[in-house]
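Scroll down for the structure; my scribbles are underneath it.
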Amino acid sequence: MDGARSVDAAARPARSRRKAPGKGEKLADWADGRLGLYGLAKANMRKLFPDHPSFLLGEIALYSFIVLILTGVYLTLFFEPSGVEVVYHGSYEPLNGVLMTRAYESTLDISFDVRGGLLVRQIHHWAALVFVAGMFVHMMRVFFTGAFRKPRELNWVFGWTLLMLAIITGLTGYSLPDDLLSGTGLRFAQGAILSVPIVGTYLAFFLFGGEFPGHDIISRLYPIHVLLLPGIMLGLVVVHLTLVFYHKHTQYPGPGRDNKSVVGMPLLPVYMAKAGGFFFLVFGVLTLLGGIASINPVWAFGPYRPDLVTTGAQPDWYLGFSEGLIRVMPGWEINAWGHTLVLGVFIPFSLFPLVMLAIGVYPFIEAWITGDKREHHILDRPRNVPVRTGLGVAWLSLYMVLLIGGGNDIVATHLHLSINDITWFVRIAAFVVPVVAFSITKRICIGLQHRDRNKVLHGRETGTIKRQHNGEFTEVHEPITQMELFTLTQHEQNPPYELGPVVDAGGVRRRVKHSERLRARLSRAMFGPDTQIPKPTAEEYRELTSGDHHH
């Protein structure tokens with residue numbers, strides 16, 4: 001009995017030391033009982049994410065989008081989207097007494113009278129440029145590494161849609177201040193819309209509320225810019241990130257990495273801590289740019305007047321492609337049955353969305369050519385798919401050429417060249433440069449494949465020269481590590497799609513669809529013998545690396 005009392009007495013203080021659950025713990029238990037948050041968090045918060053610098057490109061775009069929303073909310077508190085004309089009497093003396101719209105006047109007030117207004121304006125504009133650039137480069141990384149393959153084709157489409165909406169959102173936001181530069185851009189857009197056959201005039205009248213410039217365009221662009229497009233983009237961002245989380249992140253080839261396992265850091269606490277720090281780094285850089293690098297100084301341009309065009313009018317860089325197309329296109333027109341078809345504007349105005357559409361559907365085209373229905377979570381090395389890499393470089397070279405065309409007046413004045421010479425250069429280079437860029441890129445990729453094969457078979461050059469017994473001098477090679485060996489040889493080299501025998505065993509010629517013939521030609525062009533250097537076989541490797549052959 002005494003022993004039982006002593007045990008009971010020892011257990012009593014232990015139970016008394018137990019604290020009752022706190023309010024936060026009770027709230028967490030209550031929420032978990034109704035939402036199942038604990039199980040969801042336990043299954044996903046330790047999810048692994050691979051670590052590579054190129055994966056930060058998408059995060060730069062995401063964080064720039066967040067900065068855009070934050071600064072945009074601040075600017076909406078002070079901006080007045082009105083086309084009503086007023087006479088300016090404000091802090092900027094050179095424009096006092098000048099007739100302008102209320103939209104332009106409120107932009108001046110934000111820049112000169114609102115505390116921090118100019119800084120926030122410039123951060124907003126820089127964030128827009130970085131946002132589009134981040135998405136553009138991120139999609140190029142996805143394209144070159146084949147991260148768009150199954151099961152990520154839809155996510156590629158969502159990202160492509162985000163890019164297109166970002167370009168349109170940038171155009172609408174760029175036009176809101178109603179300064180001379182943005183008004184010139186709107187005039188350019190109105191001219192492009194008017195070139196659309198049959199319905200162009202109706203579309204322009206509907207958008208501008210009558211003859212250009214009208215009084216409704218600013219008030220119509222405003223809700224599109226601050227509500228409609230950002231709302232759609234925010235939903236697409238959520239879906240895009242959800243699919244990234246669901247499909248698991250792609251990763252570069254290496255030991256331990258395959259389509260079933262991921263090598264990386266857990267979401268909590270490592271990845272979230274790094275992501276949070278990187279967000280403030282991006283925010284800090286954008287703030288620094290907004291503080292020291294002037295952008296879109298609307299007071300220097302003055303209010304928009306239909307009879308004036310600002311000198312050196314240039315759009316933001318992401319619209320330079322379409323601007324270049326229209327600037328270098330010959331002024332062709334067709335007059336028939338009392339109607340004028342302005343081909344010099346309509347053709348380039350149509351080419352821009354068609355080129356972007358081809359980029360959007362490319363994953364489905366490649367999947368049809370290869371016939372590959374497997375899931376892919378390991379990225380390609382661009383050198384191992386030279387045709388795809390060449391196509392990407394050709395597109396980038398075309399973009400750069402047309403960007404020169406979009407700024408032909410600036411190039412002419414700064415480099416003291418003839419604007420006609422620049423225009424003709426761009427017209428010719430638009431056809432020649434992409435072909436040359438494709439050919440050079442393909443040759444470089446094949447050369448790199450040769451180098452990888454030699455490195456696997458012969459090892460790495462050491463720079464040490466050795467004299468053989470027969471007097472021959474050779475360089476000593478060092479065998480590469482197993483990790484590097486795996487990385488250089490893990491890729492697949494599937495044969496191109498073949499039509500098979502056209503005549504069966506009975507001598508009957510079978511009918512082959514035109515689509516199948518096209519698929520076979522494209523498959524040979526993309527994955528034929530002239531695009532792939534055969535990987536070393538295990539027998540070749542053992543033969544060359546055994547004994548004293550490795551030099």
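Quantities reported herein were computed from a predicted structural model and do not represent experimental measurements. Along the sequence shown, the residues carry numbers beginning at 1.
- Rounded to the nearest 0.5 angstrom, Leu243 CG and Tyr246 OH are separated by 9.0 Å.
- Residues Leu343 and Glu333 have side chains not in contact (no heavy-atom distance under 4.5 Å, counting atoms from C-beta outward).
- Thr201 places a side-chain heavy atom less than 4.5 Å from the side chain of Phe205.
- Using a 4.5 Å heavy-atom threshold, the side chains of Arg521 and Arg517 count as touching.
- With sequence neighbours left out, the side-chain hydrogen bond (donor to acceptor under 3.5 Å, both in side chains) criterion links Tyr174 to no other residue.
- For the residue pair Val130 and Ser64, the shortest heavy atom distance occurs at CG1-OG, 3.4 Å.
- Tyr399 meets the ring pair (Phe, Tyr, Trp, His ring centres under 6.0 Å) test with Phe136, Phe321, Trp395; sequence neighbours excluded.
- Across all non-hydrogen atoms, the minimal contact from Pro434 to Ala429 is CD-O, 3.3 Å.
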Using the side chain to side chain contact (heavy atoms under 4.5 Å, CB included) rule, take Leu207 and Ile217 through it: C-alpha gap first, then chi angles, then the decisive distance, then the call. CA-CA 7 Å; Leu207 180 62; Ile217 185 63; 3.9 Å; yes

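- Between the side chain of Ser523 and the backbone N or O of Arg519 there is no donor-acceptor pair closer than 3.5 Å.
- Looking at residues two or more places apart in sequence or on another chain, you find a side-chain contact (heavy atoms from CB on, under 4.5 Å) between Asp258 and Lys260, Ser261.
- Atoms CG and CG, on Leu62 and Leu241 in that order, are 5.5 Å from each other to the nearest 0.5 Å.
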One pair to check against side chain to side chain contact (heavy atoms under 4.5 Å, CB included): Thr250 and Thr145. What are the steps and the verdict? CA-CA 10 Å; Thr250 54; Thr145 59; over 6 Å; no

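- Between Gln449 and Pro386 there is a side-chain heavy-atom pair separated by less than 4.5 Å.
- Screening residues 186-199 for side chain to side chain donor-acceptor pair (under 3.5 Å) gives no qualifying pairs among residues at least two apart or on separate chains.
- The CG atom of Leu286 sits 12.0 Å away from atom CZ of Phe131, with the distance rounded to the nearest 0.5 Å.
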Check the pair Val433, Met400 against side chain to side chain contact (heavy atoms under 4.5 Å, CB included), reporting the backbone distance first and the verdict last. CA-CA 10 Å; Val433 170; Met400 295 305 298; over 6 Å; no

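- Residues forming a ring pair (Phe, Tyr, Trp, His ring centres under 6.0 Å) with His249 (at least two apart in sequence, or on another chain): Phe55.
- Proximity of a side-chain donor or acceptor of Arg327 to a complementary backbone N or O of Gly406 within less than 3.5 Å is detected.
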Determine all donor-acceptor pairs shorter than 3.5 Å in which one atom belongs to a side chain in residues 346-360; sequence neighbours excluded.
{"unit_1": "Ser350", "atom_1": "OG", "unit_2": "Phe346", "atom_2": "O", "d": "2.8"}

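- Here the straight-line distance linking atom CG of Leu163 with atom NE2 of His138 works out to 11.0 Å at 0.5 Å rounding.
- Partners of Arg141 by salt bridge (Lys or Arg N to Asp or Glu O under 4.0 Å), not counting sequence neighbours: none found.
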Would Phe527 and Val387 count as a side chain to side chain contact (heavy atoms under 4.5 Å, CB included) if you check the C-alpha gap in whole Å, the side-chain angles of each, and the deciding distance to 0.1 Å? CA-CA 8 Å; Phe527 307 103; Val387 174; over 6 Å; no

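- Side-chain contact between Val426 and Asn408 is absent, with no heavy atoms from C-beta onward closer than 4.5 Å.
- Using a 3.5 Å distance cut-off with no hydrogens or angles, the side chains of Ser182 and Asp179 do pair a donor with an acceptor.
- In this model, no donor atom of one side chain and acceptor atom of the other lie less than 3.5 Å apart for Asn259 and His376.
- Of all heavy-atom pairs spanning Leu403 and Trp317, the tightest one is CD1-O, 3.5 Å.
- Scored by the side-chain contact (heavy atoms from CB on, under 4.5 Å) test, Glu59 finds Leu56, Tyr63, Tyr271, Ala275, Phe278 as partners (sequence neighbours excluded).
- Contact of the Arg427 side chain with the Pro330 side chain is registered, since non-hydrogen atoms from C-beta on lie closer than 4.5 Å.
- Distance NE2/His450 to CD1/Ile533: 3.5 Å, rounded to 0.5 Å.
- The salt bridge (Lys or Arg N to Asp or Glu O under 4.0 Å) search around Lys274 returns Asp51, not counting sequence neighbours.
- Shown here are the ring pair (Phe, Tyr, Trp, His ring centres under 6.0 Å) partners of Phe438, two or more places apart in sequence or in another chain: there are none.
- A search for salt bridge (Lys or Arg N to Asp or Glu O under 4.0 Å) contacts involving Arg257 returns nothing, not counting sequence neighbours.
- Partners of Tyr362 under the ring pair (Phe, Tyr, Trp, His ring centres under 6.0 Å) rule, at least two apart in sequence or in another chain, are Phe143, Phe148.
- In summary, Asp372 and Arg149 do not engage in a salt bridge, as defined by a charged side-chain N under 4.0 Å from a carboxylate O.
- Closest approach of Ala525 to Thr531, counting heavy atoms only: O-CG2, 3.5 Å.
- From Leu186, atom CG reaches atom CG of Leu176 across 9.0 Å, with rounding to the nearest 0.5 Å.
- The closest donor-acceptor contact from the side chain of Lys535 to the backbone of Thr489 lies under 3.5 Å.
- The neighbour count for Phe364 CZ, taken as heavy atoms of other residues, nucleotides or ligands under 6.0 Å away, is above 12.
- Among all heavy-atom pairs drawn from Ala394 and Ala437, the shortest one is CA-CB, 4.4 Å.
- Side-chain contact between Pro223 and Leu228: absent, with no pair of heavy atoms (C-beta onward) separated by less than 4.5 Å.
- Side chain of Gln122 to main chain of Ile295: a donor-acceptor pair is present (N/O by atom type, distance under 3.5 Å, no hydrogens or angles).
- Each of Lys150, Arg152, Lys248, His247 was evaluated against His377; a single residue qualifies, Arg152, per the side chain to side chain donor-acceptor pair (under 3.5 Å) test.
- Taking each heavy atom of Trp156 and Pro363 in turn, the nearest pair found is CD1-CG, 3.3 Å.
- Inter-residue side-chain proximity for Thr389 and Arg383 is flagged as unmet; no heavy-atom pair is nearer than 4.5 Å.
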